[in-house]
**Q** 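Here it is, the structure, as structure tokens.
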Amino acid sequence: MDNLAIRGGRRLEGRLKVSGAKNAALPILAATLLPEGTTTLRNLPHLHDVTTMIDLLGCLGVQLTIDEKLAVEIDATTIANRRAPYDLVKTMRASILVLGPLLARFGEAQVSFPGGCAIGSRPVDLHLKGLQAMGATITIEDGYIHATTDGRLRGADIAMETVTVGGTENLLMAAALADGTTVIRNAAREPEVVDLAQCLNAMGAKISGAGQSVVTIEGVERLHGCEYSVMPDRIEAGTYLVAVAATGGKIRLDEALPEHLEVVLDKLREAGADITVGKNWIELDMGGRCPKAVSITTAPYPGFPTDMQAQFTALNTIAEGVGRVTETVFENRLIQTHELNRMGAAIQIEGNTAIVTGQKSLKGAPVMASDLRASASLVIAGLVASGETIVDRIYHIDRGYECIEEKLQSLGADIRRQPGKVVAGDIT
Ligand code: EPZ
């Protein structure tokens with residue numbers, strides 16, 4: 001089990017190019033199952049979750065070629081298998097995103113029921129309800145979702161009880177090939193949903209309103225392949241901005257879209273950062289200052305992103321004042337606070353709110369990552385703590401951050417990856 005060893009106390013400074021967005025790449029890779037033809041995808045991030053999704057597509061029978069820049073050519077003309085197996089789905093919940101495309105294209109799909117994870121139960125009931133509204137028959141047998149449809153799916157008017165990113169994405173992909181028009185109400189408005197819709201339209205789909213809460217999809221009989229480049233990762237960008245802000249440093253991010261991070265940039269300005277932006281770049285300068293505590297409440301886009309909550313919790317641990325962090329999207333996404341307190345943070349939990357009283361400094365310690373963004377918060381804490389922090393189980397980090405130690409080293413951080421010992425019971 002690899003770990004990251006970090007010696008904190010250095011001010012980070014430098015320039016980084018943001019990678020392609022994990023949470024756009026995954027649904028867009030699933031969407032390549034829809035066209036009878038070849039799709040070429042560029043700017044995919046080199047992440048474990050992306051290779052898992054590529055493995056899943058391979059297991060379904062697509063023809064894949066990958067070039068040295070990880071541009072992926074996917075020919076879905078012939079698909080041999082419509083079953084997404086448990087051993088792949090269990091490692092990545094986003095595998096559920098092949099359900100809609102397989103059902104829409106072939107009239108049947110079997111996807112292992114995705115389990116929960118550290119941050120919550122992560123149900124998929126709204127995905128299934130929407131597909132049933134479009135005429136699918138769905139049963140759960142032996143831990144698998146069996147979905148079938150007699151002929152094409154039918155367009156439907158679907159009101160989502162809860163804003164769900166994955167649910168909106170699955171239904172967008174299913175509706176693209178349905179017979180008739182589908183309206184999704186209370187749809188997720190995240191930029192990654194818009195990126196998926198733009199890719200589907202490049203394949204010949206007729207989607208309007210993506211990015212708004214009502215999306216209309218006029219079904220077509222077939223889709224064709226296309227070439228598409230995935231959007232930059234706004235959460236990776238936000239994570240590095242917070243890491244540099246925590247150390248009082250300065251950073252220029254290239255290939256970062258400020259319009260995707262408006263609420264996050266406002267919070268960083270409230271914390272005392274000087275921020276300037278251009279069309280596709282963001283610059284942050286803390287000028288050596290200690291951040292001021294900020295209070296946040298997570299919400300679906302365009303609200304404050306839940307995927308940035310753990311990072312701001314870490315920032316608040318060494319800020320001036322008290323910050324209140326309220327998590328409204330997932331039921332268990334304040335877990336990183338326990339590990340942060342082991343480093344000398346002063347965080348109290350009241351329901352779904354963490355009350356963070358800023359401390360002069362943290363003390364390095366061995367800590368354990370529990371999920372992707374919680375891991376990022378532990379790395380940020382390690383960057384500001386005195387002494388050495390060892391972040392264990394960093395396979396969580398490798399799922400969502402491309403080459404994190406190289407990128408932080410380029411900013412001046414004292415961080416290195418070291419092989420850890422395999423402990424009985426660890427997921428290897
Ligand atoms: C996506 O997960 C992202 N993952 C998550 O990023 C992100 O945190 C989340 O959206 C919210 O923005 C990918 O895009 C691969 P949801 P998703 O369905 O689609 C409830 C990261 O760190 N819900 O929008 O699974 C659910 O329990 C990851 O990169 C239902 O009740 O999230 C949650 O409370 C973590 N029924 C809320 O909706 C359903 O059928 C939002 O979940 C579906 C969801």
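First listed ligand is number 1; within each ligand, the first listed atom is number 1.
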**Q** Only counting residues at least two apart or in another chain, list the ones meeting side chain to side chain donor-acceptor pair (under 3.5 Å) with Asn43.
**A**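 So Asn43 forms no side chain to side chain donor-acceptor pair (under 3.5 Å) with any residue.
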
**Q** Can you list every pair where an N/O of ligand 1 is under 3.5 Å from an N/O on the protein?
**A**
unit_1	atom_1	unit_2	atom_2	d
ligand 1	2 (O)	Arg122	NH2	3.4
ligand 1	6 (O)	Asn23	ND2	3.3
ligand 1	6 (O)	Asp307	OD2	3.1
ligand 1	8 (O)	Asp307	OD1	2.6
ligand 1	8 (O)	Asp307	OD2	3.4
ligand 1	8 (O)	Arg333	NH1	3.4
ligand 1	18 (O)	Thr164	OG1	2.7
ligand 1	19 (O)	Gly166	N	2.8
ligand 1	22 (O)	Arg333	NH2	3.2
ligand 1	22 (O)	Arg373	NE	2.9
ligand 1	24 (O)	Val165	N	2.7
ligand 1	25 (O)	Arg122	NH2	3.1
ligand 1	29 (O)	Lys22	NZ	3.0
ligand 1	29 (O)	Asn23	ND2	3.0
ligand 1	29 (O)	Arg373	NH2	2.8
ligand 1	34 (O)	Val329	O	2.6
ligand 1	36 (N)	Asp125	OD1	2.7
ligand 1	40 (O)	Pro123	O	3.4
ligand 1	40 (O)	Asp125	N	3.1
ligand 1	40 (O)	Asp125	OD1	3.2
ligand 1	40 (O)	Leu126	N	2.7

**Q** With heavy-atom distances below 4.5 Å as the criterion, would you say the side chains of Val214 and Ile184 are in contact?
**A**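 With C-beta onward as the side chain, the pair stays apart.
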
**Q** Calculate, to the nearest 0.5 Å, the distance between atoms OG1 and CD belonging to Thr337 and Gln348 respectively.
**A** 11.0 Å

**Q** Looking at Arg42 and Glu227, is any side-chain nitrogen of the basic one under 4.0 Å from a carboxylate oxygen of the acidic one?
**A** yes

**Q** CD1 of Ile347 to CG of Asn341: how many Å apart, nearest 0.5 Å?
**A** 4.5 Å

**Q** What's the spacing between Ile119 CD1 and Leu334 CG if we round to 0.5 Å?
**A**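 One finds 11.0 Å between CD1 of Ile119 and CG of Leu334.
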
